[in-house]
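Counting starts at 1 for both ligands and their atoms, following the listed order. Computed from heavy atoms alone, side chains included, the values below leave out hydrogens, waters and symmetry copies. Count residues from 1 along the sequence.
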Amino acid sequence: MLIGIDDTDSREGMCTTYLGALLMEELRQYGSIIELPVLVRLNPTIPYKTRGNACVGINIDTSCPDKVIEHVISRVSTMAALDCDMTNPGVVFVQDDEYESVRDTLGIFFQRAVREVISIEEAKSFIEKTGLKSKGFKNGRGLIGALAACGSMLNPGWDHTFEYLAYRQREKWGTPRNVDKESFFRADSTTYPETWDTIDVYNELVVCVPHSPDPVLYGIRGKDPEVVKRTAEKLSTEPLGRSCVYCTNQGTDMHLIPVDSISKIKEMQSYIVSGIVSGDPFTIPGGHTIFSISDKSGASIECAAFEPTKNFRSLVRKLVQGDIVKIYGSFMNKSLNIEKMEIVSLAPLVASHNPECPSCRKRMESAGKGQGYRCRKCGTKSSVLVQVEMKRDIEPGIYEVPPCARRHLAKPLVRFKDPSVKIFPSR
Ligand SMILES: [Zn+2]
């Protein structure tokens with residue numbers, strides 16, 4: 001039987017992945033858990049999401065599904081942050097004999113929940129039509145992610161990574177986390193690039209330890225379950241309450257929709273789109289760097305590297321009109337929020353100089369407005385400015401924002417394997 005759970009967390013505490021880890025232990029009394037649980041990240045542009053827009057899925061082989069259903073619903077109702085306005089939990093169960101009838105439609109639902117905006121009504125009507133057992137709390141928004149998590153388990157084969165999530169002992173929740181930061185740098189140096197986003201080298205930060213009051217102590221992301229566990233074993237921290245390895249769509253770019261024209265871009269979705277830089281980059285108060293791109297369709301769009309992307313902005317500021325770029329990012333509030341950028345080609349950057357005197361080899365001076373140029377020494381005149389092509393101090397290739405600004409779903413460049421494009425990982 002498949003169990004999907006979503007939207008139990010709040011900004012003040014609790015975390016759907018923690019509930020998943022706890023249920024992984026508790027549900028063993030009813031049968032055996034099949035494979036790793038899944039951690040699915042949904043469309044990152046949804047404004048009413050609780051923290052990370054994460055839902056979880058568990059696959060259990062059980063002879064007493066009713067007891068499992070009862071246990072899960074009771075756990076969600078006692079542990080979810082139900083008094084938080086933004087928290088609207090949902091749980092969905094898919095029993096063995098229902099797999100075939102919902103496999104395809106739930107697979108599509110999963111893909112759409114990562115890329116599009118799905119209404120609560122659509123989720124409820126799906127449940128009504130299929131007769132799946134479910135429980136929505138309050139407005140039931142969590143039913144969307146609960147269905148998506150089930151759809152992901154019914155349709156394996158999507159690109160995935162793994163995360164080892166370590167949770168704090170209950171009495172420590174809400175207090176400062178006790179971790180030896182140096183141990184994170186040391187552990188990372190032995191497993192990067194098979195693990196990523198543990199630390200941010202350039203900004204000298206440990207990025208895998210959250211600051212919110214939730215139960216997570218840290219999360220180690222990587223390419224397989226063994227390497228994330230091995231990294232975690234090397235860390236010096238306060239004692240763990242529990243831990244869990246999830247199979248996840250984090251770090252896969254599953255949210256991005258490739259489009260061949262800027263005119264196809266819509267609010268609250270994420271894209272891969274190419275264009276020509278049509279407005280020079282500028283930085284606004286607050287530190288956000290903005291430029292625009294356009295394409296053959298005549299459409300243009302504003303692209304933004306926000307202040308939290310730190311050193312990535314200095315790269316963006318080097319773009320000039322005429323550069324051809326491919327942007328990976330989310331379109332929100334009329335701006336394409338850059339996650340990665342491929343510089344496909346650079347436009348020549350031309351500077352003009354006063355001409356040089358052919359006999360004296362000295363730079364000529366202006367002879368007055370509209371009068372051309374004249375050598376101060378010998379009086380030779382010229383009317384032509386010299387155009388010099390400047391060296392650009394960036395090169396074509398693909399660049400990403402630093403780990404401290406990375407979206408959960410964004411695929412880090414260490415996972416890119418295209419040999420035709422030069423890759424610049426953020427370290
Ligand atoms: Zn001269």
Side-chain angles (χ1 to χ4, degrees), residues 201-204 261-262 273-307 309-329 335-336 338 340-402 405 413 418-427:
V201 172
Y202 186 88
N203 296 296
E204 296 177 346
S261 165
I262 291 171
V273 65
S274 296
I276 182 162
V277 176
S278 52
D280 285 334
F282 59 97
T283 299
I284 60 170
H288 313 309
T289 299
I290 308 215
F291 63 98
S292 50
I293 61 170
S294 59
D295 66 13
K296 288 191 287 282
S297 73
S300 74
I301 195 170
E302 189 171 83
C303 305
F306 289 110
E307 191 281 332
T309 65
K310 302 293 174 199
N311 48 311
F312 184 76
R313 293 171 300 160
S314 59
L315 172 86
V316 167
R317 289 185 195 119
K318 291 175 182 169
L319 294 172
V320 299
Q321 291 185 37
D323 289 345
I324 295 175
V325 293
K326 187 193 268 186
I327 305 290
Y328 299 64
S335 159
L336 192 59
I338 308 172
K340 282 186 284 286
M341 177 173 73
E342 181 183 344
I343 299 176
V344 179
S345 67
L346 292 169
L349 182 61
V350 175
S352 305
H353 289 304
N354 291 5
E356 196 175 71
C357 172
S359 25
C360 311
R361 298 279 154 208
K362 289 258 192 303
R363 187 124 5 247
M364 294 182 174
E365 292 178 348
S366 172
K369 202 171 178 201
Q371 306 286 304
Y373 307 91
R374 187 172 52 211
C375 174
R376 178 183 266 198
K377 205 170 164 193
C378 70
T380 301
K381 286 186 175 176
S382 168
S383 59
V384 209
L385 261 183
V386 178
Q387 308 265 300
V388 184
E389 186 165 339
M390 308 279 289
K391 192 171 156 30
R392 300 285 305 271
D393 63 346
I394 43 173
E395 49 183 309
I398 185 161
Y399 301 80
E400 65 188 349
V401 302
L413 291 179
D418 182 353
S420 68
V421 179
K422 184 163 183 189
I423 290 165
F424 298 89
S426 55
R427 62 191 287 176

Nearest atoms (heavy-atom pairs only) where E400 meets P425: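 For E400 and P425, the tightest heavy-atom pair comes out as OE2-CA, 3.6 Å.
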Near the Zn ion (ligand 1) (under 2.8 Å) - protein N, O or S atoms: C357 SG, C360 SG, C375 SG, C378 SG
Residues that K422 engages under salt bridge (charged side-chain N to carboxylate O under 4.0 Å, His left out), provided they are two or more places apart: E395
L319 side, atom CG; S292 side, atom OG - distance, nearest 0.5 Å: 11.0 Å
Pairs involving residues 342-359, ordered by first then second residue, that meet side-chain hydrogen bond (donor to acceptor under 3.5 Å, both in side chains) (sequence neighbours left out): S352-Q387, E356-R361
side-chain hydrogen bond (donor to acceptor under 3.5 Å, both in side chains) contacts in which one or both residues fall within residues 298-307, not counting sequence neighbours: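 Checked against side-chain hydrogen bond (donor to acceptor under 3.5 Å, both in side chains) - neighbours excluded - the pairs reaching residues 298-307 are E307-K310.
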F306 and H288 aromatic ring geometry - parallel, tilted or perpendicular at 30°/60° bounds: perpendicular
